[in-house]
Asker: 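Let me begin by handing over the structure; questions about it come next.
The figures here come from the full heavy-atom set of this structure, side chains too, leaving out hydrogens, waters and symmetry mates. Per chain, numbering begins at 1; letters A, B, ... match sequence-line order. Only a predicted model underlies this, so the values are computations on that prediction, with no experimental measurement involved.
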Protein chains: 2
Amino acid sequence: MKTIEIDDELYHYIASQTQHIGESASSILRRLLKCETTTVPSMVVANVASQTSIKLPATSLLSLIHHSNYIDEKKTVNRFLMLLSALYQENSSRFSLAATSLHGSKRRYLATDEKSLIDTGNNTKPKAIPDTPYWVVTNNNSARKSYILKTIMDNMELSPSIITTVLDNFIAKAGE
Amino acid sequence: MKTIEIDDELYHYIASQTQHIGESASSILRRLLKCETTTVPSMVVANVASQTSIKLPATSLLSLIHHSNYIDEKKTVNRFLMLLSALYQENSSRFSLAATSLHGSKRRYLATDEKSLIDTGNNTKPKAIPDTPYWVVTNNNSARKSYILKTIMDNMELSPSIITTVLDNFIAKAGE
DNA sequence: GATTGGATCGCGGGGATGCTTT
DNA sequence: TCAAAGCATCCCCGCGATCCAA
């Protein structure tokens, strides 16, 4: 362990990015420094929010689909996970609400633990949604992934135009 | 001013991102936390070069292997391509020199066109090195990929300690 | 016999397709 | 019986260790 000194403003910013009670500074920083990767969203939102103090809905989503990490990703699952992660960053409580009410006839689609996804189906192939307490079912086709995204976005009450943009983009990339 | 505790590895990573002698932790962190950009390797080199006008050898290489895009990448080929790309950014003329003199008994390993790699072997699976005019042969084991990296780095006359660091890291990740 | 290099083929992940259920 | 929705088997393809050739 090492100690570093940082100014108050920066300190508060970092502290505000805590995702788990008692999370260490190292853990928070590692996540934030990953921002060049997938997690742009949370940063972007945080920055925009602190600068404008106006809520700009779906900022992280829209920036994600224009971000090279997303654009260059050719596996549908990975884009799926990125979008879910961004949705969670967008509004974690609405996301949670949307998540719990979503399921198929047998399968649960989202949960905060791997096991309940494994237990409600065969070969569901659950994957953790990055920077999120959630897991998603993954063994399904692109149409269903799209459906899961749509349902969550609808429940989160994002604007219809944004939902359309995101889905059209997702489907277009999936079918090639 | 506030004090935070972080683990050693993270500390060294942050320290390695210093751009001005005596730069404060806050300053470094603010810069890193804004880096929503992506293309760190080439970016880093360009920035460092223009700001300091001192040649800092292998900066892009070392930052690459601490970068989440590299760390999180589990496919050896992709890390291989990233490293080659960083090496080219480092010094394209030395890279070119090193590239042309490198081959196996039948196969050419690097070329500026796909065809000559296909033609000098069966199933060579050439891949383009990102942000580079070069292609590499890919259908080989990790030991050979490592050998290719080593040979190029040696020919580019990077410092032995850097070469060791990069290779140890590459091999460690490959063997898991 | 040992070493170096080539490239076949085994393994694992992704997700479309086809079967099952409602 | 037909249609629609949902599940999960199974095919395909990329990676790269292993084995074969030089």
Asker: Are A:Ser105 and D:dA5 close enough that a side-chain N or O sits under 4.0 Å from OP1 or OP2?
Answerer: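 Checking D:dA5 against A:Ser105, no side-chain N or O comes under 4.0 Å of OP1 or OP2.
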Asker: Using atom CZ of A:Arg107 as one end and atom C1' of D:dA5 as the other, report the distance to the nearest whole Å.
Answerer: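 In whole Å, D:dA5 C1' lies 13 Å from A:Arg107 CZ.
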Asker: Please determine whether residues B:Phe170 and B:Met82 belong to a single hydrophobic cluster, defined as Ile, Leu, Val, Met, Phe, Trp and Tyr linked transitively by side-chain heavy-atom distances below 4.5 Å.
Answerer: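 Result: yes, single cluster for both.
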Asker: Identify whether any heavy atom of A:Tyr109 sits under 4.0 Å from a base atom; if not, whether one sits that close to sugar-phosphate; answer base, sugar-phosphate or nothing.
Answerer: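 If one applies the 4.0 Å heavy-atom cut-off, A:Tyr109 turns out to touch the sugar-phosphate alone, with no base involved.
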Asker: Pick out which of B:Leu117, B:Thr132, B:Val136 makes a side-chain contact (heavy atoms from CB on, under 4.5 Å) with B:Leu110.
Answerer: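 Per the side-chain contact (heavy atoms from CB on, under 4.5 Å) rule, the option paired with B:Leu110 is B:Val136, out of B:Leu117, B:Thr132, B:Val136.
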Asker: Roughly how many Å is it from CG in A:Asn122 to C1' in C:dC19, rounded to a whole number?
Answerer: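 The distance from CG of A:Asn122 to C1' of C:dC19 comes to 14 Å, rounded to the nearest Å.
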Asker: If a protein heavy atom is under 4.0 Å from the base, mark B; if only from the sugar-phosphate, S; if neither, -; do that for nucleotides 16-22 of chain D going 5' to 3'.
Answerer: BBB----
Asker: Angle class for the B:Tyr88/B:Phe95 ring planes (parallel below 30°, perpendicular above 60°, tilted otherwise)?
Answerer: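 It falls in the perpendicular class, over 60°.
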Asker: Atom CZ of A:Phe80 to atom C1' of C:dG14: distance rounded to whole Å?
Answerer: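 Roughly 13 Å, once rounded to whole Å.
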Asker: What's the NZ-C1' distance between A:Lys127 and C:dG15, to the nearest Å?
Answerer: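 Rounded to whole Å, this separation is 11 Å.
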Asker: Which residues pass the side chain to side chain contact (heavy atoms under 4.5 Å, CB included) test with A:Ser116, not counting sequence neighbours?
Answerer: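 Here the qualifying residues are A:Arg108, A:Ala111, A:Asp113.
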Asker: Please report the distance, rounded to the nearest Å, between NZ in A:Lys150 and P in D:dG6.
Answerer: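 For the pair A:Lys150 NZ and D:dG6 P, the rounded distance is 13 Å.
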Asker: What's the CG-P distance between B:Asn123 and D:dG14, to the nearest Å?
Answerer: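 It is 12 Å, rounded to the nearest whole Å.
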Asker: Please name the pair of heavy atoms, one in A:Lys145 and one in A:Thr76, separated by the smallest distance, quoted to 0.1 Å.
Answerer: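 Nearest pair, atom of A:Lys145 first, then A:Thr76: CD-CG2, 4.1 Å.
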Asker: Grab the CG-P distance between B:Leu81 and D:dG14 for me, whole Å please.
Answerer: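 For the pair B:Leu81 CG and D:dG14 P, the rounded distance is 14 Å.
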Asker: Roughly how many Å is it from CD1 in A:Ile148 to C1' in C:dG15, rounded to a whole number?
Answerer: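 The answer, rounded to whole Å, is 13 Å.
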Asker: What about B:Ile152 and B:Ile162, same hydrophobic cluster or not, with Ile/Leu/Val/Met/Phe/Trp/Tyr joined at side-chain heavy-atom distances under 4.5 Å?
Answerer: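 Yes, it is one cluster - the side chains of B:Ile152 and B:Ile162 are joined through contacts under 4.5 Å.
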